[in-house]
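Below: one structure, written as structure tokens.
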Amino acid sequence: MQGLDATLFGLINAGPSVPAWSLGLARFASDILPALLALAIGVGALFNRRWRRVFFTAFVSVVLVWVIVNVFRSLFPIPRPAFYGLGIQWVPQGLRPGFPSLHVAGTFAAAFSLWCLPRRAPMAAALAVAAVVAWSRLYLGLHFPSDVFAAMMLGALVSFMVERCISRPLAFSISRSPLVRRRSRVKRV
């Protein structure tokens with residue numbers, strides 16, 4: 001697997017002759033797109049009750065992903081490609097561990113939190129954003145493809161578990177509370 005990982009990394013990592021705009025795009029995708037996705041979810045939560053549940057799920061998922069990635073990296077410090085002298089690291093990361101990618105895991109966790117919405121277009125757009133973030137981490141030479149793939153799976157799994165085990169039961173218990181039922185009866189009258 002390591003040979004395949006290094007080969008794929010070599011195909012995706014930006015070489016010394018790439019245009020400057022492509023590096024700018026990759027940096028934007030890596031640094032700004034995750035924040036824009038979070039902002040979009042937050043704005044949606046201001047106007048819609050279902051988006052509030054998405055926001056809660058995304059927030060809890062991203063926090064859990066951050067904890068899981070940092071604990072894993074401290075227990076199993078798997079190096080980034082620069083440690084092996086592979087490719088060009090366009091954004092200085094040093095020799096910190098890189099498995100799994102925190103950027104990718106967090107962005108995919110936020111993107112998958114949109115699956116509980118009735119329409120699929122927001123989740124499809126969020127997954128496209130997350131895929132661009134994943135590409136940027138490889139293009140900038142910061143992660144191996146296995147780092148990114150593991151992060152994608154982690155983000156999806158954590159988001160799914162948070163929605164099923166925390167958000168959904170919490171929303172159900174809130175909807176069953178006497179205060180919420182009383183307020184809904186008052187609105188109908």
Side-chain angles (χ1 to χ4, degrees), residues 1-38 40-41 58 61-115 120-163:
M1 179 62 181
Q2 288 178 341
L4 178 62
D5 219 15
T7 302
L8 290 174
F9 171 79
L11 292 172
I12 301 169
N13 180 226
S17 62
V18 298
W21 66 264
S22 69
L23 293 173
L25 175 66
R27 285 187 180 119
F28 174 82
S30 184
D31 297 336
I32 306 298
L33 280 184
L36 290 178
L37 177 59
I41 293 171
S61 297
V62 169
V63 168
L64 282 175
V65 158
W66 183 85
V67 169
I68 292 167
V69 167
N70 282 299
V71 167
F72 187 87
R73 284 181 178 180
S74 67
L75 295 175
F76 308 102
I78 299 171
R80 294 172 185 267
F83 176 82
Y84 300 106
L86 297 173
I88 299 172
Q89 194 177 58
W90 290 98
V91 177
Q93 297 289 307
L95 298 178
R96 297 182 296 142
F99 182 87
S101 169
L102 183 56
H103 279 77
V104 174
T107 309
F108 269 90
F112 274 106
S113 68
L114 288 128
W115 78 273
R120 294 292 170 231
M123 187 176 88
L127 287 173
V129 166
V132 171
V133 171
W135 161 81
S136 73
R137 303 304 284 176
L138 293 166
Y139 192 73
L140 293 171
L142 306 175
H143 294 284
F144 284 113
S146 61
D147 302 347
V148 169
F149 182 73
M152 292 165 59
M153 296 299 108
L154 176 65
L157 179 65
V158 167
S159 183
F160 178 76
M161 296 303 293
V162 166
E163 204 283 325

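Just so it is clear, the structure is predicted and the values come from calculations on it, not from any experiment.
Distance alone, capped at 3.5 Å, is enough to place a donor-acceptor pair between the Ser136 side chain and the Val133 backbone. Here the side chain of Asn13 pairs a donor or acceptor atom with the backbone of Tyr139 at under 3.5 angstrom. Listed for the His143 side chain is a donor-acceptor partner under 3.5 Å among the backbone atoms of Gly98. Side chain of Trp90 to main chain of Ala14: a donor-acceptor pair is present (N/O by atom type, distance under 3.5 Å, no hydrogens or angles). Without hydrogens or angle criteria, Arg96 side chain to Arg73 main chain gives no donor-acceptor distance under 3.5 Å. With hydrogens and angles disregarded, no donor-acceptor distance shorter than 3.5 Å links the side chain of Asp5 to the backbone of Phe144. Put simply, the side chain of Arg137 never gets that close to the backbone of Leu142: no donor and acceptor are under 3.5 Å apart.
With contacts defined as side-chain heavy-atom distances shorter than 4.5 Å, the pair Leu33/Thr107 does not qualify. No side-chain heavy atom of Phe9 sits under 4.5 Å from any side-chain heavy atom of Tyr84. Side chains of Pro97 and Ile78 form no contact here, defined as non-hydrogen atoms less than 4.5 Å apart. No side-chain heavy atom of Phe112 sits less than 4.5 Å from a side-chain heavy atom of Val162. For the pair Met161/Leu64, no side-chain contact is recorded, criterion being any heavy-atom separation below 4.5 Å from C-beta on.
Atom CE of Met153 is surrounded by more than 12 heavy atoms from other residues, nucleotides or ligands within 6.0 Å. Residue Phe72 places its CZ atom among more than 12 non-hydrogen atoms of other residues, nucleotides or ligands, all under 6.0 Å distant.
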